[in-house]
Amino acid sequence: MICCGGVMWKLGGEDLQGFFPVRSECQADVPRTRFKSRAGKTLSARRWHAAFTEDGHLDMERVLRRIQRGGIHPSIKGEVWEFLLGGYDPDSTFEDRTKLRNHRREQYYAWKEECQKMVPLVGSGKFVTMAIVAEDGQPLEESSVENQEWLVKTAVTDKRVLQWMLVLSQIGLDVIRTDRYLCFYESERNQARLWDVLAIYTWLNPDIGYVQGMNDICSPMIILIEDEADAFWCFERAMRRLRENFRTTSTSMGVQTQLGMLSQVIQTVDPRLHQHLEDLDGGEYLFAIRMLMVLFRREFSFLDALYLWEMMWAMEYNPNKFASYEKPENGTKQDPRLLKQYGKFERKYIKSGQNEQHDNTLAVFVVASVLETKNKRLLKEAKGLDDVVQILGGIAGNLDARKACKEALKIHEKFLRKENERRRRLEENCTHWWFKSSWKINVSLIPSITPSSEPSAWFDTWPTKVEKLEQHLTLPR
């Protein structure tokens, strides 16, 4: 870490000399950090290393319990995140992980070399903030210091290459705005590392490309993990969870799926607030886009945001993630013996009998908890969407990550309970119709159901088909 004449955040009584120092001139603009290292609760370096067996197997249950109680000490965040995000199998050995790490590093630097051949600035310690090629693929006539006096010399005809080259300057502009209050990014070389990782990720994922906000997700990995290749793979694993949020088309945004889920959650747990937001034309919850896209980076201080992330990832932890990423063709099977190795949030879905491949994320429920904390003000003061945005804008730096996660779990439990009650009512009604009704449900609308199915089979695809069932069950006899 880079030290400078800045401000040090303190965890408890510990002076974190060298961790995330803030430039002194930015001190007034940085939100107050609430996270405190708590003895016996925060995962310390000593506890982390003690969780490994002699050959390297990790007691993930023990680690998750610590993280969910008190977060991770900054000195080990990067290496713990690699496991939380499914980068390594806790059941692997030190030797297994060394082989995999070396293979991944070789793969990354091969990709980097491929990108360097197209744009030599990649890996040079420099980056661009102005275009290096015209939009039609033709060379530009003049260079400048903003593009490091480097330009494409010949016309670019390959559409994928051109698409990538055109976005490199936008990545550069976002890089210089990323966490600029931290001393770490006073170094152009550190900024260039962030640019390199984002540029290479963008080249490898043309279907998603680069979208503003990815820089906010990637930055902590660059700061926490010294080796650039390891930082890339940690970011890549994080993006496996988030990439659909960044998928955009001319008619839709990927994050709309989570916004729809948020709408369903608030409608279920707080129908009065949901109706009020509907009346204000805010029922699509577009005001929550930023929270979900960059995982609350704007609502929390840097350290508190990292604390929130690791709390959420620990609570969402699924021991099958590594296998699903490395060998997706094999599929994954739920093992009841591994139940304690699931995070609190994920475990509730498994216990409730729902498919572990659900699309819900804890971030949706954290947003719901934020809305609930502002429930009274929103109902009383919000007369339009501008008021909603203003009220929610006041939460920056005033949220406690631990309390937000705790409240999110409560809302999640309430949501599951109400949804399960609705499901039971549907089952009872369906059973009644199955035996009593003189008419049949039009099962052709529900592909997984056949006329000979037992009533319980109707719910194999719940909740995706639940609305169609409700429509049938409310029809008059």
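Residue numbers run from 1 in the order of the sequence given. Side chains included, hydrogens not; waters and symmetry mates left out as well; all remaining heavy atoms used. Note that the structure is predicted; figures quoted are calculated from it, not measured.
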Item to complete: Determine, step by step, whether Asp400 and Lys406 satisfy the salt bridge (charged side-chain N to carboxylate O under 4.0 Å, His left out) criterion, reporting the C-alpha distance in whole Å, the side-chain angles of both residues, the deciding distance to 0.1 Å, and the verdict.
Response: CA-CA 10 Å; Asp400 185 300; Lys406 187 176 180 180; over 6 Å; no
Item to complete: Could you walk me through whether Thr361 and Gln258 pass side chain to side chain donor-acceptor pair (under 3.5 Å), step by step?
Response: CA-CA 8 Å; Thr361 67; Gln258 288 195 336; 3.0 Å; yes
Worksheet item: So, are Asp179 and Arg297 salt-bridged, with charged N and O less than 4.0 Å apart?
Response: yes
Worksheet, complete the sentence: Note: Asp216 and Trp309 closest approach over all heavy atoms is O-CH2, 3.6 Å
Worksheet item: Hey, does the Lys NZ or Arg CZ of Arg240 hover above the aromatic six-ring of Tyr325, less than 6.0 Å from the centre and inside 45° of the axis?
Response: yes
Worksheet entry | Euclidean distance, Asn318 CG relative to Ser324 OG, rounded to 0.5 Å | 7.0 Å
Practice prompt. Would you please classify the geometry between the Phe300 ring and the Phe296 ring as parallel, tilted or perpendicular, with 30° and 60° separating the classes?
Written response: perpendicular
Worksheet item: Are Glu421 and Lys418 within salt-bridge range, i.e. N to O under 4.0 Å?
Response: no
Item to complete: Could you tell me whether a side-chain N or O of Lys77 sits under 3.5 Å from a main-chain N or O of Leu224, the two making a donor and an acceptor?
Response: no
Discussion item. When you measure from the side chain of Glu316 to the backbone of Gly343, do you find a donor-acceptor pair of N or O atoms at a distance under 3.5 Å?
Written reply: no
Discussion item. Testing the 3.5 Å rule here: is there a donor-acceptor pair between the side chains of Glu284 and Ser263?
Written reply: no
Worksheet entry | Side chains of Gln390 and Asp386, donor plus acceptor under 3.5 Å | no
Worksheet entry | Residues Glu299 and Arg290 bridged, charged N to O under 4.0 Å | yes
Worksheet item: Roughly how far, to the nearest 0.5 Å, is CG of Leu295 from CG of Leu242?
Response: 5.0 Å
Practice prompt. Determine yes or no for a side-chain-to-main-chain donor-acceptor pair under 3.5 angstrom, with Asp387 supplying the side chain and Lys383 the backbone.
Written response: yes
Worksheet entry | Side-chain heavy atoms of Val22 within contact of Cys183, under 4.5 Å | no
Fill in: 4.5 Å side-chain heavy-atom contact, Gln138 and Val133
no
Worksheet entry | For Gln275, all residues meeting side chain to side chain contact (heavy atoms under 4.5 Å, CB included), sequence neighbours excluded | Glu278, Asp279
Worksheet item: Any idea how Tyr88 and Phe83 line up, ring-wise: parallel (<30°), tilted (30 to 60°), or perpendicular (>60°)?
Response: tilted
Worksheet entry | Heavy-atom side-chain proximity of Trp150 to Val128 below 4.5 angstrom | no
Discussion item. Taking the basic N atoms (NZ, or NE/NH1/NH2) and the acidic carboxylate oxygens, is any pair closer than 4.0 Å for Arg180 and Glu186?
Written reply: no
Practice prompt. Could you check Asp196 against Arg193 for side chain to side chain contact (heavy atoms under 4.5 Å, CB included), going step by step and ending with a plain yes or no?
Written response: CA-CA 5 Å; Asp196 284 347; Arg193 288 176 60 210; 5.5 Å; no
Worksheet item: Less than 4.0 Å between a side-chain N and a carboxylate O, is that true for Arg104 and Asp230?
Response: no
Discussion item. Does the plane of the ring in Trp195 sit parallel, tilted or perpendicular to the ring in Phe127? Use 30° and 60° as the thresholds.
Written reply: tilted
Item to complete: Could you please spell out the steps behind the side chain to side chain contact (heavy atoms under 4.5 Å, CB included) verdict for Val63 and Ile67?
Response: CA-CA 6 Å; Val63 168; Ile67 299 172; 3.6 Å; yes
Discussion item. So Cys234 and Leu85, do their side chains get closer than 4.5 Å, heavy atoms only?
Written reply: yes
Worksheet item: In terms of side-chain geometry, is the basic nitrogen of Glu82 or Arg237 positioned less than 4.0 Å from the acidic oxygen of its partner?
Response: no
Worksheet item: Between Asp227 and Arg101, is there a side-chain N and carboxylate O pair less than 4.0 Å apart?
Response: no
Worksheet item: Is there side-chain contact between Ser219 and Phe184, with at least one heavy-atom pair below 4.5 Å?
Response: no
Discussion item. Which heavy atom of Val211 sits nearest to which heavy atom of Ile208, and what is that distance?
Written reply: CG2-O, 4.1 Å
Worksheet item: Is there a donor-acceptor contact under 3.5 Å linking the side chains of Tyr108 and His103?
Response: no
Discussion item. So that I know where these two stand, are Trp81 and Trp233 an aromatic pair - ring centroids less than 6.0 Å apart?
Written reply: no
Discussion item. If you apply the rule side chain to side chain contact (heavy atoms under 4.5 Å, CB included), what do you find for Met261 with Phe415, and how did you get there?
Written reply: CA-CA 11 Å; Met261 184 62 202; Phe415 173 74; 3.4 Å; yes
Response to the item:
Note: Leu371 and Leu273 closest approach over all heavy atoms is O-CD2, 4.1 Å
Item to complete: Nearest 0.5 Å please: distance from the CG atom of Asp304 over to the CG atom of Leu308.
Response: 8.5 Å
Item to complete: Determine whether Ile222 and Gln191 make a side-chain contact, defined as any pair of heavy atoms from C-beta on separated by less than 4.5 Å.
Response: no
Worksheet item: So do Glu310 and Val80 actually touch side chain to side chain, heavy atoms under 4.5 Å?
Response: no
Fill in: Set of residues satisfying side-chain hydrogen bond (donor to acceptor under 3.5 Å, both in side chains) with respect to Asn205, sequence neighbours excluded
Arg243
Discussion item. Pair Ile132, Leu140 - check side chain to side chain contact (heavy atoms under 4.5 Å, CB included), show working.
Written reply: CA-CA 7 Å; Ile132 58 175; Leu140 294 173; 5.6 Å; no
Discussion item. Salt bridge check, Lys410 against Glu407: does any charged N sit closer than 4.0 Å to a carboxylate O?
Written reply: yes
Response to the item:
In this structure, OH of Tyr210 is separated from CE of Met214 (nearest 0.5 Å) by 8.0 Å
Worksheet item: If you look at every heavy atom in Gln68 and Met315, which pair is closest and at what distance?
Response: OE1-CA, 3.4 Å
Worksheet item: What distance separates Ile391 CD1 from Lys374 NZ, expressed to the nearest 0.5 Å?
Response: 8.5 Å
Item to complete: Give a yes/no verdict on a cation-pi contact between Arg160 and Trp203, requiring under 6.0 Å between NZ or CZ and the six-membered ring centre and an angle within 45° of the axis.
Response: yes
Worksheet item: Looking only at atom types and distance, does a side-chain atom of His276 sit under 3.5 Å from a main-chain N or O of Ala382, one as donor and one as acceptor?
Response: yes
Discussion item. Between Arg347 and Tyr342 (side chain of the first, backbone of the second, donor and acceptor by atom type, cut-off under 3.5 Å), is there such a pair?
Written reply: yes
Discussion item. Does any part of the side chain of Thr257, heavy atoms only, come nearer than 4.5 Å to the side chain of Arg247, both counted from C-beta?
Written reply: no
Discussion item. Can you tell me how far apart CD (Gln212) and CZ (Arg177) are? Round to the nearest 0.5 Å.
Written reply: 6.0 Å
Worksheet item: Which atom names give the shortest non-hydrogen contact between Glu228 and Val197, and what distance separates them?
Response: CG-CG2, 3.8 Å
Worksheet item: For Asn215, does its backbone N or O pair with a side-chain atom of Asp174 as donor and acceptor, under 3.5 Å?
Response: no
Worksheet entry | Derivation and outcome, ring-ring contact (aromatic ring centres under 6.0 Å, His included), residues Tyr181 and Phe302 | CA-CA 10 Å; Tyr181 55 86; Phe302 182 79; 7.0 Å; no
Worksheet entry | Heavy-atom closest pair, residues Leu259 and Ala288 | CD2-CB, 4.2 Å
